[in-house]
Amino acid sequence: MRTLRTQRSHRRALLPFLLAGALSLGAGAVAGLQPSSDAPITDSAFVPVTLNIARPIDRADRAGGGPMQAHRTPTIADPWLRVTPPTDRARPTLPASSPIVVVRPQPTATAATSSKSSSHSISGRASWYCDAGVSACTSNHPDTSGFDAYAAAGPRLRAAIGSGWRGMVVTVDGLRVKLIDWCQCYQGQSNEKLLDLYHDVYLRTGSAVTIRW
């Protein structure tokens, strides 16, 4: 019992010395970590530096665990410097195009529908009527503001044409005139007229006319 107490008292007596030693070691370690002053760099230490073109780290080096080269001088053989031409676009083969021809039927040659050539003619004197405000006109054929090409056939003209004279279109000195009426036109007298023209036609032909049909 006494021996155990004696050991404890010895340990308590040594404890201050142990603490003092630990503190001295810590102070020395802290003193050793103090940075020293930098030495000046001379001008001869500065030399030109040539930089290599950087390229990405090779995937093979990264996967195989080999050395990771971050920089090296490129060469023409480097695949990352090669210019790969674009691939040709697909060129499908198309059938040869043929023009679309639309054949339009040609009109068949038909006989001209010109008026029948005048084979009959008669010449003589003409008179006039149907001038608005001066002379009356045939019923249903008034004197209008346009060119009214009508006439009344005299005895000689009616006899020369025949029974189908009414409504016929004849030419009077080249003007187309429709026969819509008849006139006595001084029949049997020296001043007998072939026809009585509407005033519009008479102004262009005069009294001596040639009639064709």
Side-chain angles (χ1 to χ4, degrees), residues 53 56 74 76 78-213:
I53 300 176
I76 299 302
D78 289 335
W80 64 283
L81 288 179
R82 295 174 185 170
V83 178
T84 303
T87 58
D88 292 337
R89 297 177 59 185
R91 300 177 182 272
T93 303
L94 300 177
S97 59
S98 58
I100 300 175
V101 179
V102 178
V103 180
R104 294 184 178 178
Q106 296 295 329
T108 57
T110 56
T113 58
S114 60
S115 60
K116 182 180 178 181
S117 60
S118 299
S119 59
H120 304 282
S121 66
I122 188 172
S123 297
R125 310 292 294 180
S127 58
W128 64 269
Y129 75 115
C130 189
D131 186 9
V134 177
S135 175
C137 302
T138 299
S139 177
N140 298 324
H141 294 83
D143 182 17
T144 66
S145 59
F147 181 73
D148 301 309
Y150 302 112
R156 288 179 57 198
L157 181 59
R158 296 196 304 271
I161 294 175
S163 60
W165 65 269
R166 187 181 293 272
M168 178 179 286
V169 176
V170 297
T171 60
V172 181
D173 289 351
L175 299 176
R176 292 172 58 85
V177 178
K178 186 175 182 179
L179 302 177
I180 60 171
D181 203 352
W182 69 276
C183 67
Q184 191 273 340
C185 291
Y186 306 99
Q187 182 179 6
Q189 301 181 26
S190 59
N191 61 343
E192 183 178 346
K193 308 297 188 295
L194 289 176
L195 75 174
D196 207 6
L197 296 169
Y198 263 43
H199 191 251
D200 291 342
V201 182
Y202 186 84
L203 290 176
R204 298 190 183 188
T205 63
S207 59
V209 297
T210 298
I211 305 169
R212 291 182 172 85
W213 66 95

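Rounded to the nearest 0.5 angstrom, I211 CD1 and D173 CG are separated by 8.5 Å. C137 contributes atom SG, which lies 5.0 Å from atom CG of D143 (distance to the nearest 0.5 angstrom). One distance of note links SG of C130 with CG of D200; it measures 7.5 Å at 0.5 Å rounding. To the nearest 0.5 angstrom, W165 atom CH2 is 11.0 Å from L195 atom CG. Between the NZ atom in K178 and the CE atom in M168 there is a gap of 12.0 Å [rounded to 0.5 Å]. In this structure, CZ in R166 is found 6.0 Å from CG in D181, a value given to the nearest 0.5 Å.
Annotation: side chain of H120 is not in contact with side chain of R212 (no heavy-atom distance under 4.5 Å). At a threshold of 4.5 Å between non-hydrogen side-chain atoms, the residues L175 and T205 count as touching. Residues D148 and H141 fail the side-chain proximity criterion, which asks for heavy atoms closer than 4.5 Å. Counting heavy atoms from C-beta on, the side chains of C185 and P155 come closer than 4.5 Å. W213 has its side chain within reach of L157: a pair of non-hydrogen atoms, C-beta onward, lies under 4.5 Å apart. Y129 places a side-chain heavy atom less than 4.5 Å from the side chain of Y198. By the 4.5 Å heavy-atom criterion applied to side chains, T171 and V177 are not counted as neighbours.
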TODO: Show the numbers, then the answer: is there a side-chain contact (heavy atoms from CB on, under 4.5 Å) between V170 and V172?
DONE: CA-CA 7 Å; V170 297; V172 181; 4.2 Å; yes
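S207 and Y202 make their closest contact through CB-OH, 3.5 Å (heavy atoms, listed as atom of the first residue, atom of the second, distance). Shown here for R158 and C183, the closest heavy-atom pair between the two residues is NH1-O, 3.1 Å. Considering every non-hydrogen atom in both D196 and S127, the closest pair reads OD1-OG, 2.5 Å.
Using modelled atom types and a 3.5 Å distance limit, the side chains of D131 and S135 yield no donor-acceptor pair.
Cation-pi geometry between R125 and Y186 is not satisfied (NZ or CZ under 6.0 Å from the ring centre, within 45° of the ring normal).
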